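Here's the structure we're looking at; comments come further down.
Position 1 is the first residue of the sequence; numbering continues from there. Heavy-atom basis, side chains included; hydrogens, waters and symmetry copies ignored. Fair warning: this is a prediction, and the values are worked out from it, not measured in the lab.
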Amino acid sequence: MIVDLHCHSQFSDGQLSPSILIERAQLQGINLLALTDHDTVAGLVALHAAPRPSSLSIINGIELSTSWKKYIIHVLGLNIDPFNSALNLFIERQNQNRIQRGQQIGIQLGQCGIKDAYNKACMIAGHERVGRPHFAQLLIQEGYVADMKTAFKRYLSRGCPGYAPSVWADLTETVLQIRQANGLAVIAHPLKYKLTRAKLFELIIQFKVAGGVGIEVISGAMTMTQIAAVAAICQRFDLYASSGSDFHGDTVSRVALGRQATLPSTVKPIWEHWI
Ligand code: MN
Ligand code: MN
Ligand code: MN
């Protein structure tokens, strides 16, 4: 059984359309695929509309950004109802907040003499839901800084002139939104946040109190040591284990669709719910 419960399409920051993703999944022999675009369910209609073999099942997913303490944590909602009205209102609110934040960054960069930054960042992104990486690209393009790292260090990080605070809903509300849309909440790529062990445990405990049930034991490229560490945490907190490539496209992803490592046998796969 080949499973991939985390990937992106052009509806967020992926390179492929949902129907090409389906073709790709078929090519890779995937049996269960979840599309988990960032903060949108817009790609799911096209995903279902694409022809697919009976050996391939689809799970409706989303990857939601949340605020937890000073961190931005990604939570997957798996098997959500994409037509749930409260979930759609929540997504819309998050997107409006993101637009406002982008505009605020634009105003502040304007005060540094960088003209029309928001509109230019929108051009770079191809849509109006711009994030800091788009502003960083702009700063590089216009010659203000040499690279991404410097763009953040001089302009975009907390305490810098182009910094505006993040706008995401908190962890608890996000998990509740997933649950009320009949989804299962899963902490995405737990090692990416570079939390201390104690902080990660604190995050998991709060996540579980809110009703979260899963953690990504496998996410993209990981070492055997990393997999063993997350599997142990998954067991310790009695969570379901998820697995995904976090595929964004051939030129940006190290792991192809469905080609992430297999789940250790010590953990309970979250897809037991759906097969
Ligand atoms: Mn992404
Ligand atoms: Mn993520
Ligand atoms: Mn992702």
Side-chain angles (χ1 to χ4, degrees), residues 6 8-15 36-40 42 62-76 90-171 173-174 187-196 199-200 202-203 219-221 246-254:
H6 187 157
H8 297 273
S9 78
Q10 285 168 341
F11 283 84
S12 63
D13 56 349
Q15 295 176 333
T36 53
D37 277 316
H38 294 283
D39 306 292
T40 179
I62 191 167
E63 180 171 19
L64 291 168
S65 300
T66 82
S67 286
W68 183 72
K69 299 183 186 285
K70 62 177 181 170
Y71 307 97
I72 293 172
I73 305 293
H74 288 177
V75 176
L76 300 175
F90 176 73
I91 292 168
E92 184 51 35
R93 205 177 77 215
Q94 298 248 82
N95 280 329
Q96 286 307 325
N97 288 344
R98 172 144 63 177
I99 290 166
Q100 272 171 23
R101 184 203 191 195
Q103 289 167 339
Q104 182 60 36
I105 292 174
I107 290 168
Q108 289 173 214
L109 289 176
Q111 288 161 356
C112 305
I114 302 159
K115 299 251 177 326
D116 209 23
Y118 175 69
N119 288 324
K120 288 176 181 167
C122 290
M123 292 291 287
I124 289 169
H127 52 72
E128 58 185 350
R129 292 172 292 112
V130 296
R132 285 188 293 174
H134 303 121
F135 285 103
Q137 253 176 282
L138 169 71
L139 291 168
I140 296 166
Q141 268 178 29
E142 304 226 330
Y144 290 98
V145 294
D147 53 44
M148 210 72 168
K149 206 176 153 190
T150 318
F152 273 84
K153 209 175 148 192
R154 292 218 195 122
Y155 290 96
L156 299 168
S157 292
R158 195 187 294 261
C160 297
Y163 177 80
S166 134
V167 293
W168 305 113
D170 69 29
L171 178 77
E173 192 197 348
T174 304
I187 296 176
H189 42 66
L191 299 183
K192 282 233 178 110
Y193 315 112
K194 302 197 173 6
L195 302 173
T196 62
K199 268 277 175 322
L200 180 57
E202 204 183 329
L203 167 71
S219 171
D246 206 357
F247 180 74
H248 284 68
D250 297 311
T251 60
V252 285
S253 294
R254 281 158 70 197

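Remark: D250 pairs with R24 by the salt bridge (charged side-chain N to carboxylate O under 4.0 Å, His left out) rule, at least two apart or across chains. Partners of T40 under the side chain to side chain donor-acceptor pair (under 3.5 Å) rule, at least two apart in sequence or in another chain, do not exist in this structure. Applying the side chain to side chain contact (heavy atoms under 4.5 Å, CB included) rule to A117 yields the partners L109, I114, F135, L138; only residues at least two apart in sequence or on another chain are considered. Not counting sequence neighbours, the partners of H248 by the side chain to side chain donor-acceptor pair (under 3.5 Å) test are D13. Qualifying salt bridge (charged side-chain N to carboxylate O under 4.0 Å, His left out) partners for R93, counting only residues two or more places apart in sequence or in other chains: E173. Under the rule for a side chain to side chain donor-acceptor pair (under 3.5 Å), the partners of E92 that lie at least two apart in sequence or sit in another chain are Q96. Residues satisfying the side chain to side chain donor-acceptor pair (under 3.5 Å) test with N119, not counting sequence neighbours, are D116. Partners of T251 according to the side chain to side chain contact (heavy atoms under 4.5 Å, CB included) rule, which considers only residues two or more places apart in sequence or in another chain, are Q15.
Listed by first then second residue, pairs satisfying side-chain hydrogen bond (donor to acceptor under 3.5 Å, both in side chains) with a partner in residues 149-165 read D147-T150, not counting sequence neighbours. Among residue pairs with one or both ends in residues 101-114, those qualifying as side-chain hydrogen bond (donor to acceptor under 3.5 Å, both in side chains) are Q104-Q108; sequence neighbours excluded. Pairs engaging residues 136-146 under the side-chain hydrogen bond (donor to acceptor under 3.5 Å, both in side chains) rule: K120-E142 [sequence neighbours left out].
Of all heavy-atom pairs spanning V145 and A151, the tightest one is CG2-CB, 3.7 Å. For the pair L76 and A188, the tightest heavy-atom approach, listed with the atom from each and the gap, is CG-CB, 4.0 Å. In this structure, V167 and Q94 approach most closely via the heavy-atom pair O-OE1, 4.1 Å.
A side-chain donor from one of D37 and S9 sits under 3.5 Å from a side-chain acceptor of the other.
The shortest side-chain heavy-atom distance between N95 and I91 falls under the 4.5 Å cut-off. Residues T174 and F90 have side chains in contact (heavy-atom distance under 4.5 Å, counting atoms from C-beta outward). Annotation: side chain of K199 is not in contact with side chain of K194 (no heavy-atom distance under 4.5 Å).
Side chain of H8 to main chain of T36: a donor-acceptor pair is present (N/O by atom type, distance under 3.5 Å, no hydrogens or angles).
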Which atom pairs, donor and acceptor, lie under 3.5 Å between side-chain atoms of residues 64-73 and protein residues at least two apart or in another chain?
unit_1: S65; atom_1: OG; unit_2: D39; atom_2: OD2; d: 3.4
unit_1: S65; atom_1: OG; unit_2: H74; atom_2: NE2; d: 3.4
unit_1: T66; atom_1: OG1; unit_2: I73; atom_2: O; d: 3.1
unit_1: S67; atom_1: OG; unit_2: S166; atom_2: OG; d: 3.4
unit_1: S67; atom_1: OG; unit_2: W168; atom_2: O; d: 3.4
unit_1: W68; atom_1: NE1; unit_2: Q206; atom_2: OE1; d: 2.8
unit_1: K69; atom_1: NZ; unit_2: E202; atom_2: OE2; d: 2.9

- Stepwise side chain to side chain contact (heavy atoms under 4.5 Å, CB included) check, F152 with R132: CA-CA 8 Å; F152 273 84; R132 285 188 293 174; 3.7 Å; yes

- Start with the C-alpha distance between L195 and L203, add both sets of side-chain angles, then the distance that settles side chain to side chain contact (heavy atoms under 4.5 Å, CB included), and finish with yes or no. CA-CA 9 Å; L195 302 173; L203 167 71; 3.9 Å; yes

- Step by step, work out the side chain to side chain contact (heavy atoms under 4.5 Å, CB included) result for I62 and V75. CA-CA 8 Å; I62 191 167; V75 176; over 6 Å; no

- Message: What verdict does the side chain to side chain contact (heavy atoms under 4.5 Å, CB included) test give for V130 and I99, after you've listed the backbone C-alpha separation in whole Å, the side-chain angles of each residue and the deciding distance to 0.1 Å?
- Response: CA-CA 7 Å; V130 296; I99 290 166; over 6 Å; no

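Note: I105 CD1 to Q100 CD = 12.5 Å, rounded to the nearest 0.5 Å.
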